[in-house]
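All values below come from the heavy atoms of this structure, side chains included, with hydrogens, waters and symmetry mates left out.
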Amino acid sequence: GINYGNMFEAPSETAWGNPWKPEYAKIIADLGFNHVRIPVRWEPADRSLEKKPYTIHSSFFQRIKQVVDSALNNGLYVVLNMHHHDALYKDPEGQKERFLKQWEQISDFFKDYPEALVFEILNEPHDNLTAEIWNEFIPEALKVIRKKNPNRIVMIGTANWGGLGGLPQLKIPDDPNIILTIHYYNPFHFTHQGASWSGEQSKEWLGTTWDDTEGDREAVRKDFAPLIALEKEKRIPVHIGEFGAYEKADMASRAKWTTFLTRYFEDLGWSWAYWEFSAGFGIYNPETKSFKQELVDALLHNKMPEPAK
């Protein structure tokens, strides 16, 4: 799959210069992907009430419905999440009621949708939303969702920004319809070189390559060893919900990294969603309506090569 990134998780739909377009779902399906992840920021004032009863505005629900329906009508599965809930990360206890009320509304709105729609409780818990607090929130959110969606697949991520580092602290609920989702951007100096939101030091990382040597691959395998062990122990399906390398990295390295990871994930039986479709990490240029074919091939067509010498 692939993420609709920099669209609905932006402060407004156009804030980050990458608005959603109705033709995207068909383009993605025709390429050969089978799902999209839709990151959504639900908290802005023009989308939901900050105070009780924390109502999500009907107009915004209808907009998200349009995006979800577009994907489903093109034969794609959909992962719908809560993304960039900044107030919740800053003040978990103070925002808990709003968080649960929002999920109550989302759950009710989509309760009659087919199983091809998957919920993801929260993107990358961090800051004051610690692993301990997140472990308390997960079963409560799941309970709210299960009232109207008793059998819907729900994805659960880790604290500490959704990565592998949060695995040891995660308490996985006893629920047969959950998937563990993990984000992966290692080596970070490669994937985020020149990324302004990663700080001034990201400029110093420019020129970092990923050469697909056996050593490069072994570093990835070492990173994922704890997840493989947990998957076997808990018998829980795994989804890599985000991975990608920013456009400031050289395309040859990006293609090598992406090819290795996608084939590696598939060999392990894991689903994945690349970050993202049409912005700085993307595979599609909306202005020229052209593809970055090296990345498309890396995701969907390339076979696992022999490691570089």
Side-chain angles (χ1 to χ4, degrees), residues 1-10 16 18 20 24-41 64 67-68 70-72 74-84 115-125 152-158 161-164 166 177-186 191-192 220 223-224 227 231 236-247 254-255 257-284 291-292 295-302:
I2 199 159
N3 280 267
Y4 278 156
N6 288 30
M7 299 179 190
F8 296 99
E9 89 279 16
W16 292 348
N18 189 44
W20 178 79
Y24 282 174
K26 185 177 189 304
I27 292 171
I28 288 167
D30 287 349
L31 280 172
F33 291 99
N34 61 28
H35 82 273
V36 292
R37 179 173 179 256
I38 309 174
V40 180
R41 187 189 299 239
I64 296 302
V67 180
V68 171
S70 169
L72 294 174
N74 279 279
L76 297 166
Y77 283 76
V78 173
V79 178
L80 181 65
N81 85 350
M82 187 176 289
H83 208 101
H84 291 326
E115 63 179 8
L117 175 63
V118 174
F119 292 157
E120 180 185 339
I121 295 177
L122 185 66
N123 180 75
E124 298 185 354
R152 188 170 305 284
I153 300 296
V154 176
M155 288 190 178
I156 293 168
T158 58
W161 295 94
L164 293 162
N177 292 312
I178 59 175
I179 292 174
L180 175 60
T181 180
I182 294 291
H183 296 176
Y184 188 73
Y185 290 100
N186 287 358
T191 66
H192 281 66
V220 173
D223 282 345
F224 280 102
L227 179 56
E231 176 194 24
I236 187 169
V238 171
H239 175 71
I240 308 301
E242 290 185 19
F243 68 106
Y246 189 48
E247 63 187 358
R254 293 173 76 195
W257 184 84
T258 304
T259 296
F260 175 71
L261 286 178
T262 48
R263 300 299 87 82
Y264 176 65
F265 298 151
E266 289 163 1
D267 286 346
L268 290 166
W270 298 345
S271 55
W272 51 261
Y274 179 76
W275 187 270
E276 33 67 28
F277 180 60
S278 52
F281 290 74
I283 66 168
Y284 181 74
F291 297 104
K292 296 172 184 174
L295 291 178
V296 174
D297 289 342
L299 290 164
L300 297 171
H301 305 304
N302 293 350

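Tested against F265 for a ring-ring contact (aromatic ring centres under 6.0 Å, His included), the candidates W272, F224, Y274 yield a single pass: F224. The residue from V79, L80, T181, N81 that alone fulfils the side chain to side chain contact (heavy atoms under 4.5 Å, CB included) condition with V118 is V79.
To the nearest 0.5 angstrom, E266 atom CD is 11.5 Å from I240 atom CD1. Considering CE of M155 and CD1 of I178, their distance stands at 11.5 Å, rounded to 0.5 Å. Taking CD of E9 as the start and CG of N123 as the end, the distance is 8.0 Å to the nearest 0.5 Å. Annotation: the span from T259 atom OG1 to L300 atom CG amounts to 10.0 Å, rounded to 0.5 Å. The CD1 atom of I236 sits 6.5 Å away from atom CD1 of I156, with the distance rounded to the nearest 0.5 Å. We find the CD1-CG distance between I182 and L164 to be 5.5 Å, quoted to the nearest 0.5 Å.
Nearest heavy atom pair, residue I179 against residue V238, reads CG2-C, 4.2 Å. Closest approach of H239 to S271, counting heavy atoms only: ND1-OG, 2.8 Å. When all heavy atoms of N302 and A298 are compared, the pair lying nearest together is ND2-CA, 3.4 Å. Summarising the geometry of Y24 relative to M7, their closest heavy-atom pair is CE1-CE, 3.7 Å, with the distance given to 0.1 Å. The two residues F281 and E276 make their nearest non-hydrogen contact at N-OE2, 2.7 Å. Among all heavy-atom pairs drawn from R254 and L295, the shortest one is NH2-CD1, 3.5 Å.
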Show the numbers, then the answer: is there a side-chain contact (heavy atoms from CB on, under 4.5 Å) between N74 and F33?
CA-CA 11 Å; N74 279 279; F33 291 99; over 6 Å; no
Under the side-chain contact (heavy atoms from CB on, under 4.5 Å) rule, what do N186 and V220 come out as? Steps first, then yes or no, please.
CA-CA 8 Å; N186 287 358; V220 173; over 6 Å; no
Check the pair F277, Y284 against ring pair (Phe, Tyr, Trp, His ring centres under 6.0 Å), reporting the backbone distance first and the verdict last.
CA-CA 6 Å; F277 180 60; Y284 181 74; 5.1 Å; yes
Evaluate H192 against Y246 for side-chain contact (heavy atoms from CB on, under 4.5 Å), listing each step before the verdict.
CA-CA 6 Å; H192 281 66; Y246 189 48; 5.7 Å; no
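A donor atom on one side chain and an acceptor atom on the other are found under 3.5 Å apart for E242 and Y185.
Counting heavy atoms from C-beta on, the side chains of F291 and I27 come closer than 4.5 Å. Considering only heavy atoms from C-beta on, N3 stays 4.5 Å or farther from H83 through its side chain. Residues T262 and F243 are in side-chain contact: their nearest non-hydrogen atoms beyond the backbone lie under 4.5 Å apart. Using a 4.5 Å cut-off on side-chain heavy atoms (C-beta onward), L117 and F119 make contact. A heavy-atom distance below 4.5 Å is not found between the side chains of H183 and W275.
No side-chain donor-acceptor contact under 3.5 Å links R152 to the backbone of A116. The backbone N or O of F8 sits nowhere less than 3.5 Å from a side-chain atom of W16 that would complete a donor-acceptor pair.
When the shell of 6.0 Å around CD of E115 is examined, it contains 12 or fewer heavy atoms from other residues, nucleotides or ligands. By the 6.0 Å contact criterion, NZ on K292 is enclosed, its count of non-hydrogen atoms from other residues, nucleotides or ligands being greater than 12. Counting heavy-atom neighbours within 6.0 Å of Y77 OH, excluding the residue itself, gives a total of 12 or less.
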